[in-house]
Amino acid sequence: MLGALLVECVFFAAAAPSFGTWGNFFEVLRFSVELGLLAVALTPILITGGIDLSVGSTIGVTAVLFGVMTQTLHMHVLVAILLSLFIGVAAGALNAALIAGLRLPPLIVTLGTYSLYRGIAEGITHGAVSFTGFPANFLALGQGYFWHVVPVQLPLFVAVVAAYWVLLHRSVIGRSLFAIGFNADGARYAGIPVRKRLALIYVLSGVVASLAAIIYVAHLGLAKSDLGTGYELQAIAAVVLGGTSVFGGRGTLFGSLLGLLFLSVLQNGMHLMALPSEMYGVLTGALLLLIVSADRLRTRRAAKPNEESKSRTPLIAAGAVAVIALMAYGALHFRSVGSGHRLTIAVMPKAKGDPYFMSARAGAEEAAKELHVNLIWDGPTSLDASQQNELVENWITRGVDAIVVAVENKGSISTVLRKALARGIPVLTWDADAQSDARDYFLNQATPEGIGTALADEAARQLPNGGQYAIVTGPLSAENQNNWIRAIKARVAAAHPNLKLVTIQPSDDDRDKAFNATQTIMKAYPQVKMIITISAPAVPGSAEAVEQSGRKDVDVIGLSLPSICRTYIHNGSVQAIYLWNTADLGYLTVYAGTLKAEGKIPAGATSIHAGRLGELQIQGSEVILGKPLRISKDNVDKLNF
């Protein structure tokens, strides 16, 4: 692993802009701290042959309760931190009682507490409430630097690593953990207090996860229920890549740190080279399969030494193919994206797989080609504020010429966007806005009032005699969709009082969840006559639910793409949808970003000329794309986005 890490660093230093700088080195370490704490805590657990899948959920519940204590109960930050660590003790103690006390399988126990702790966090916040506005001295724990270079949280991480190194490699307790991993029954008969040892490491795991949560909240400036999602699997991956056996009995803390650095450097280097984020998951999965297979074959070789060369050949071949593929793809991609002296405009969607953002990408690529600029189009594969922050940090390190972000959570990302502005990088937002002092302009596809008025008036047009209606939104925490809901309510109250809102249900921008939410609405509120769905992927889900129910008296309208709603519009399940031309919005992200990077939007400008879009108005610090377009049977076949 050390050799692989060195090769990886040499490759990215040669291929990725700004990778081989001290600033980027410390940024890699800074982004590794939260995950690194979990990897350190999980190392002794895996050595004993156990597992803890609940550490990511412990981060979520600790973060939420820390937010409640500081923002709702107005406790002093230090008191809240201490109580948060006790939450980690309680979470770890529950795992310890069930695993060590009742001798239940660690996989089943921690899978249960994984769901339990995350459910508690979501129950407290209803999946929507997030906490921001933490004091600056607390945020410095995750965002500050010593001497403007060394992250503040790094010494704390080093202290935890040192304590675990002594525990695992320089103590009787540590030796007993290896014995338990080799043979738990044998260790018990040898007089080792197996239950006490197991209880200790699971309680410590909970405490360290809560510490990671505190640092994570300080890092993002945000506490919400989904923090730490997937971190347990990434931490396990780092530990296993570092040589700790999933079968127990073997592993080192140094190896886990190497595995952690390997993954962190891989992700950082890929972002600096503008490689697609999903490649990171593919390569990590392939490496995990490779390492686990090698671990199993190592055991077999002990019994059948003559088969050693045969068993190693496919693994060596697979590893070589993976490395060659990465280097070849990276070199070709970097030549096409980052070569030359052209401007580089980095555009981030909320979620790369969302059809809405996929259709916007075509317009962005059109503008990049027209303006002869390099386009980096990258973002999370699902709604994830922390991944957005990390990408922006890497773009700052790379030194792109402009950053244009579709914001998932304004409280989280605004801090890092301010950092980009301080470095002289123009920042624009689109689809959803950040805090106004964290960007230069917001590219507004339509005002909330325009959207709310259009949808409320459409509902009144479909229900001239009034009636009950329900709203299916995306995530309950989405800033832009919440603004649209407020605008719908305001327009209904002012102009259509015979319409009555009965419920608002989330879909998390997922078609299947929208299908289930709409089914629930029709069962719980049988008098509902209208479903207003304000998430592009969710509208087909609502339409499918209405169609399958046979309810001809329920109409569906909303915000979506004609390409994914065309069938439902023609069969009458959807009466009308509203949207702006998403390709035009994508086109505007690159065009406006380029104009700002070139200094062609003067202070106080009231309009810009945006290529084929013509003259667009600027209202304050918002560039307005235009009014929403009504899409129905009359024009849906004429629209190709």
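For this chain, numbers begin at 1 and follow the sequence in order.
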Check: When the aromatic ring centroids of F357 and W377 are compared, is their separation below 6.0 Å?
Finding: no
Next item on the list: Check whether any side-chain N or O of S264 sits under 3.5 Å from a backbone N or O of V28 as a donor-acceptor pair, and report yes or no.
Entry: no
Next item on the list: Please name the pair of heavy atoms, one in V427 and one in A420, separated by the smallest distance, quoted to 0.1 Å.
Entry: CG2-CB, 3.8 Å
Notebook entry, point to check: Under the side-chain contact (heavy atoms from CB on, under 4.5 Å) criterion, do S225 and I124 qualify, and how do the steps go?
Noted result: CA-CA 8 Å; S225 61; I124 293 171; over 6 Å; no
Check: Quick one: does R30's side chain have a donor or acceptor within less than 3.5 Å of a partner on G142's backbone?
Finding: yes
Notebook entry, point to check: Between the side chains of Q153 and H219, does any donor sit under 3.5 Å from an acceptor?
Noted result: no
Notebook entry, point to check: Does the side chain of N95 come under 3.5 Å of the side chain of S54 through a donor N or O and an acceptor N or O?
Noted result: yes
Margin query: Quick one, E122 with R118, criterion salt bridge (charged side-chain N to carboxylate O under 4.0 Å, His left out). Give me CA distance, side-chain angles, the key distance, then yes/no.
Written below: CA-CA 6 Å; E122 292 176 347; R118 186 69 68 188; 5.4 Å; no
Note to self: Would you say Y356 and D431 are linked by a side-chain donor-acceptor pair, where the criterion is simply a distance under 3.5 Å?
What the structure shows: yes
Next item on the list: Without swapping roles, check the side chain of R398 against the backbone of L272 for a donor-acceptor pair under 3.5 Å.
Entry: yes
Margin query: For the CD1 atom of I214 and the CG atom of L85, what is their distance to the nearest 0.5 Å?
Written below: 4.5 Å
Next item on the list: For side-chain contact (heavy atoms from CB on, under 4.5 Å), just list the numbers for V208 and Y164, CA-CA rounded to whole Å, side-chain angles, deciding distance to a tenth of an Å, and then say yes or no.
Entry: CA-CA 11 Å; V208 172; Y164 262 87; 3.8 Å; yes
Margin query: Strictly distance-based, threshold 3.5 Å: is any side-chain N or O of Q388 a donor or acceptor partner for the main-chain N or O of E408?
Written below: yes
Notebook entry, point to check: Say you draw a straight line from CD1 of I59 to CG of L211; how long is it, rounded to the nearest 0.5 Å?
Noted result: 10.0 Å
Notebook entry, point to check: Under 3.5 Å, side chain of D401 to main-chain N/O of I345, donor-acceptor pair present?
Noted result: no
Margin query: Distance check, rounded to the nearest 0.5 Å: I99 atom CD1 versus I51 atom CD1?
Written below: 10.0 Å
Next item on the list: Keeping the roles fixed (side chain from N24, backbone from F19), state whether a donor-acceptor pair exists under 3.5 Å.
Entry: yes
Check: ring pair (Phe, Tyr, Trp, His ring centres under 6.0 Å) with F25: which residues, sequence neighbours excluded?
Finding: W22
Item checked: S412 side chain vs N409 backbone, donor-acceptor pair below 3.5 Å -> no
Next item on the list: Test salt bridge (charged side-chain N to carboxylate O under 4.0 Å, His left out) on R418 and D437 and set out the steps.
Entry: CA-CA 7 Å; R418 292 188 191 99; D437 65 336; 3.1 Å; yes
Note to self: Restricting to non-hydrogen atoms, name the atom on G259 and the atom on L241 that form the minimum distance, rounded to 0.1 Å.
What the structure shows: CA-CB, 4.3 Å
Notebook entry, point to check: Say you draw a straight line from CG of L5 to CG of L261; how long is it, rounded to the nearest 0.5 Å?
Noted result: 6.0 Å
Check: Side chain of Q387, backbone of G379: donor and acceptor closer than 3.5 Å?
Finding: no
Next item on the list: Starting at CE of M69, measure out to CD1 of I81 and round the result to the nearest 0.5 Å.
Entry: 9.5 Å
Item checked: Centroid separation Y231 to Y216 less than 6.0 Å -> yes
Checklist line | Main-chain N/O of L53 paired to T110 side chain as donor or acceptor, under 3.5 Å | finding: yes
Checklist line | Candidate pair I396 and K419, rule side-chain contact (heavy atoms from CB on, under 4.5 Å), full reasoning | finding: CA-CA 8 Å; I396 293 172; K419 181 178 178 179; 4.1 Å; yes
Note to self: Please check: side-chain N/O of S84 versus main-chain N/O of A80, any donor-acceptor pairing under 3.5 Å?
What the structure shows: yes
Next item on the list: Can you establish whether the number of heavy atoms outside M1 located under 6.0 Å from its atom CE is more than 12?
Entry: yes
